[in-house]
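As the structure is a computational prediction, the values presented were derived from the model and not from experiment. Values reported hereafter were calculated over all heavy atoms of this structure, with side chains retained and with hydrogens, waters and symmetry mates removed. Below, read A as the first sequence line, B as the second, and so on, with proteins coming before strands; counting in each chain starts at 1.
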4 protein chains.
Amino acid sequence: MSKKSLLDEMIAQTTLSKKKTDKQQKIAETAVKMFAEKGYANTSTSEIAKEAGVAEGTIFRHYGTKDNLLLAVILPFIKESLPSMAENVFKEVYSEDKSFEEFLRAFIKNRRSFISQNQELFKVIVKELLYSDELKEELLPFFSEIVLNRFLMMINHYKSRGEIVELPSEKILKLMFTVIVGYFVSDFVLTPKPSAYHPEEDIENVVRFIMNGIRKES
Amino acid sequence: MSKKSLLDEMIAQTTLSKKKTDKQQKIAETAVKMFAEKGYANTSTSEIAKEAGVAEGTIFRHYGTKDNLLLAVILPFIKESLPSMAENVFKEVYSEDKSFEEFLRAFIKNRRSFISQNQELFKVIVKELLYSDELKEELLPFFSEIVLNRFLMMINHYKSRGEIVELPSEKILKLMFTVIVGYFVSDFVLTPKPSAYHPEEDIENVVRFIMNGIRKES
Amino acid sequence: MSKKSLLDEMIAQTTLSKKKTDKQQKIAETAVKMFAEKGYANTSTSEIAKEAGVAEGTIFRHYGTKDNLLLAVILPFIKESLPSMAENVFKEVYSEDKSFEEFLRAFIKNRRSFISQNQELFKVIVKELLYSDELKEELLPFFSEIVLNRFLMMINHYKSRGEIVELPSEKILKLMFTVIVGYFVSDFVLTPKPSAYHPEEDIENVVRFIMNGIRKES
Amino acid sequence: MSKKSLLDEMIAQTTLSKKKTDKQQKIAETAVKMFAEKGYANTSTSEIAKEAGVAEGTIFRHYGTKDNLLLAVILPFIKESLPSMAENVFKEVYSEDKSFEEFLRAFIKNRRSFISQNQELFKVIVKELLYSDELKEELLPFFSEIVLNRFLMMINHYKSRGEIVELPSEKILKLMFTVIVGYFVSDFVLTPKPSAYHPEEDIENVVRFIMNGIRKES
DNA sequence: CATGAATGAGGTTTCATTCAT
DNA sequence: CATGAATGAAACCTCATTCAT
C-alpha cells in the first residue's frame, strides 16, 4: 500500500504537472540519461546524485527507492504516450479518407518523431523491459489494450476495404510491429546516435517493405 | 595479455572440447541459465555457486572474474555458431539451384532450430548486447564480416537472376534481418517460453512477408 | 585524475585542518596505530572498523580505498614535517653564530622530539617505505629536495669556516644521515618502546660520534 | 610439537645438505627471490608455484605452511652465517696482531661480500624483521649472543690496548653497528642495485668515519 | 613424490537506504 | 525541504590449505 502510494503520487505529479521542485526535476532528467547510457543496474544512486548536483538523500526523499525512481520516470512517459498514440491512430484513420499506406507512413513518422525526442527514455524502457518482469507485466498488457487492439480494428477495417491481404490479423500485426519496433530499436538503441540524419528514405523503405508484405494482390 | 590469455584458454577449452572438470561444466551451465533468467548484473556469483553446488572460490579459480565467466560462455558459442551459419548459407546457395525463397525458408528454419537448442544463451547474448559495449565491439564486426557480407553477395546474386527487387542491397539486408532477428527475439527472449509450439506456420508467414517485401514484380 | 583528487582532498583536509568528522578522525588514528603494530598488509579494514567503532563502509566512504587510507595518514605528515624541518635548520644556522656541533645537537633534539610525538606514524612510514615503490618514489625525491639539499649547503658553509673535514660533502651527508636515521629507527621502530626514557645521553653520544667522524683536525 | 618438528627438519635438511629434491630447491630459490621483491605478505603461494614451475600442492607437501616456507629459507641462512661470522671475527683478532682499524676494515669487507652474495635473502630478512615478531624473537637474541657478545669482548680488548676511546662499550657497539648495518641496508635494500659498483671507497669512508668516532685521542 | 581441483574463510569494495541536523 | 555522514548487507575476489588421484 505505502509502496504503491508514493509511486502513484509520483505519477500524478508528473502527469498533472503538479508541484515538482527543481531538484526533483533534475534528478529525473539525470536518471533517465544515466540509465540510458549505462543501464539501470550499473548506475548507482550516488552517481546520479553527483551528476544531478543534489545530495544522495534528496533522491530518496522524493522517490523512496531506486526502483521507484526508475518507474517514476518510465511510467508517466508511457501513460502519456500510449493514449495519445492511440488518439493519433484514430484521427488518422477515421477523420480522413487515407489509404492504409498513407496511414502507415504517417504513423511511423509520428512515432519516430516522438521517440526521437525521447531517445534516452526509449532506450531505458527497451533495455529494462528485457530485465524487469515487473515492468513487463505492467507495460505489455497496457500496451496491448491501448495500442494493439485499436490497430487490430484498423487492420480489419482496411481488410474490409480490400487493401490488405487475407492473413490472420494477429499475424499481420505481429509482423508489422516486428518491423516497426525493430526499425526503432535499431536506430535508437543499437547504433551510436547519428545526430544529423535524415530518416525519410529509411521510413519510405520500411513502408514499402511492409506494404509489399501485406498488400492485397489485385 | 594476461587478461586475454585466461579467456582465450576458456574458449580453446570449449571449442576443442578439452579437459573441463565436472564442476567447471556445471558452473557454465548454471551461469547461462541464471544470466538468461535474471540478467548478468542481477545474478551474483554466490547465487551461481550455490545453484551449481560448488564453492564460490571454484568459480574464480576457473574463470578469474565474473566478466570472464560471461564471455567464456558467450564467445565460444558465437565463434562456433557464426562460421557454421555462413557455411550453411553457402551450401544452400551454391550447391543447388534453389530459388531465393527456398533458400530463405531453409535458412530461417536452420537458424531457428539452432537458437531453439540454445535459447538461454541466445537470451543472454541479446540482453547483454544492449549493455556491454565490449561485447558489442567484439561481436558486431565479427558478425558483419562473417554473415552479412556473404548475405550481401547472395542478394546481389539473386538480384542478377532477377528474383529480387532493385533496391540498395544494404537496405534489403537490413529490413530482412530486422524481421528475422525481430522474429527470433520476439519468440525466444520476450515471450515466456511456449514449450510445445510448432513454428512452421510462423516461419511460413515470415518468409512470405519478406518475399512479398523484396520480390521483383514481374 | 579522479584517483588523485580524493587523495588530494584528504591531504588538504588534514593540513588545512578542514572539516573532518569524528569518525573520520577516529579511523585515521586507529589505522595509524594498527599499521604501526602489525603492518599495512596484515591489518584488515574490518579490524580497523571494529577497533575504531565504525562500520566498515564508513572507512570507504571517507577514504575510497585502503591504499588511500595509508597515503592519507602518511602524506600530510610528511608534507608538514619536512618543510618545517628545513625551516628549523635555517633558523639554527643563519640566525645565530652557532658551531656545527651546536647546530647538530639542536637538530637531532628537534627531530627526535618530533618523531617521538609521532612514533606510530614514523613506524608506518619506515616499514612501508621498504615495501611500497609508490611511496618511495613519492617521498624520497621530496625529502632529497627539501632536506638534503639544504643540508649540503650547510655542510659546505661549515667547511668554508674550517669546522668540517675536507671529504666530499655527499659522503659526509650520507654517513651523518645513516647514523641519525639509524639511531631513530633503532629507537622507535626496532625496540619495544621504553616509555620513560631519557635520551639526552644517547643524543650526546651520537653527536660526539658524528663530530669526531667529521671534525677537521686542527 | 608437530609444527616445530617439520621446521626443524627443514633446517636440518638445509644445513646438513640432506636429500632435497630439485623441486624443493627450486621452490626455496623462487620464494626468496619473490619475497625480496614484493615482500612476504604480497607474494602468494600460487605465484611462487607458477614461477617455480611446480604445482601449488608441492609447496605444501614440502613446507607445510607458507610461514614455514619463510622460516625455512631464512633460518638456515642465519644459523649458518652467524657462527661463521663469529668465527671470522675471532680469526682476525686473535691469530694476528692487527690494529682495530685493520680488523674493522676486514670485517666490513667480509660481511659485505657475504651479503652481496645473498642480497635477496638479506632483503627478506630486513623487511620481515620489521613485521614478524616471531622472527624478531628468534633472531635477535641469537644474533646478540653469537655476534654482539664477541664484539663486546673485542672492544674491551682493544680498549685495554688503548686504541679505543673510553666510552661505555655498549654505546660504542651500538653506534658502530648502526653505521655498519645502516650502510648495508642503504646499499642492498633501499637502492636499486647498481650492478657494476666498486665499494672500496665507500668502505674506506665508513671505516674512517667509525675510527674517527671511536679512536682514542693520543 | 607430485599434482591441481576444490574449498571456504576472509579481504576489499560498493551501494541502497536511513536519519540527525 | 535538503543534506551528507553513517550504515551493513552483499558484491566480487584472493589465497592458504586440503585431498583424491
### Task
Please state how far atom NZ in Lys66(A) lies from atom C1' in dT14(E), giving the value in whole angstrom units.
11 Å

### Query
Atom NZ of Lys50(A) to atom P of dT14(E): distance rounded to whole Å?
11 Å

#### Entry: Lys23(B) (side chain) donor-acceptor with Thr58(B) (main chain) under 3.5 angstrom
no

### Query
Looking only at side-chain N and O atoms, does Thr21(B) come under 4.0 Å of OP1 or OP2 in dA6(E)?
yes

### Query
Is the side chain of Tyr40(A) donor-acceptor paired with the backbone N or O of Asp67(A) at a distance under 3.5 Å, no angle test?
yes

#### Entry: For atom CG of Leu71(A) and atom P of dA16(E), their distance in whole Å
15 Å

#### Entry: Atom pair distance, as rounded to whole Å: NZ in Lys26(A) and P in dA2(F)
14 Å

### Query
Think His62(B) has a side-chain N or O under 4.0 angstrom from the OP1 or OP2 of dA6(E)?
yes

### Message
Could you identify the nucleotide paired to dA20(F), looking across every strand shown and requiring Watson-Crick or G-U wobble geometry with both distances under 3.5 Å?
### Response
dT3(E)

### Summary
Side-chain contact check for Glu56(D): nearest option of dT17(E), dT3(F), dT17(F) is dT17(F)

### Task
Please state how far atom CG in Asn68(B) lies from atom C1' in dC13(F), giving the value in whole angstrom units.
13 Å

### Summary
From the candidates dT12(E), dT7(F), dA16(F), the one with an atom nearest any side-chain atom of Arg61(C) is dT7(F)

#### Entry: Length of the line joining Glu47(D):CD and dC13(F):C1', which is rounded to integer Å
14 Å

### Closest-nucleotide ordering on DNA chain F, the 5'-leading residue of Gly57(C) and Ser44(D)
Gly57(C)

### Query
With respect to the phosphate group of dC1(F), does any side-chain polar atom (N or O) of Thr58(A) fall under 4.0 Å of OP1 or OP2?
no

### Query
When the distance from CZ of Phe60(A) to C1' of dT17(E) is rounded to whole Å, what number comes out?
5 Å

### Query
OP1 or OP2 of dA16(E) less than 4.0 angstrom from a side-chain nitrogen or oxygen of Thr45(A), does that happen here?
yes

### Task
Using the closest heavy atom to pick a nucleotide of DNA chain E for each, name whichever of Asn42(A) or Tyr40(C) lands nearer the 5' end.
Tyr40(C)

### Message
Does dA5(E) have OP1 or OP2 under 4.0 Å away from a side-chain N or O of Lys23(B)?
### Response
no

### Query
Do Tyr63(B) side-chain atoms and Gln24(B) backbone N/O form a donor-acceptor pair below 3.5 Å?
yes

### Query
Counting N and O atoms only, with roles assigned by atom type, does the side chain of Asn42(D) sit under 3.5 Å from a partner on the main chain of Lys38(D), one being a donor and the other an acceptor?
yes

### Task
Output yes when a side-chain donor or acceptor of Lys127(B) lies under 3.5 Å from a complementary backbone atom of Ala36(B), and no otherwise.
yes

### Query
Between atom CG in Leu69(C) and atom P in dT12(E), what is the gap in whole Å?
10 Å

### Short side-chain N/O contact to dA11(F) OP1/OP2 from Ser46(B), under 4.0 Å
yes

### Given DNA chain F, 5'-ward residue of the pair Thr43(B) and Ile59(A), judged by closest heavy atom
Ile59(A)

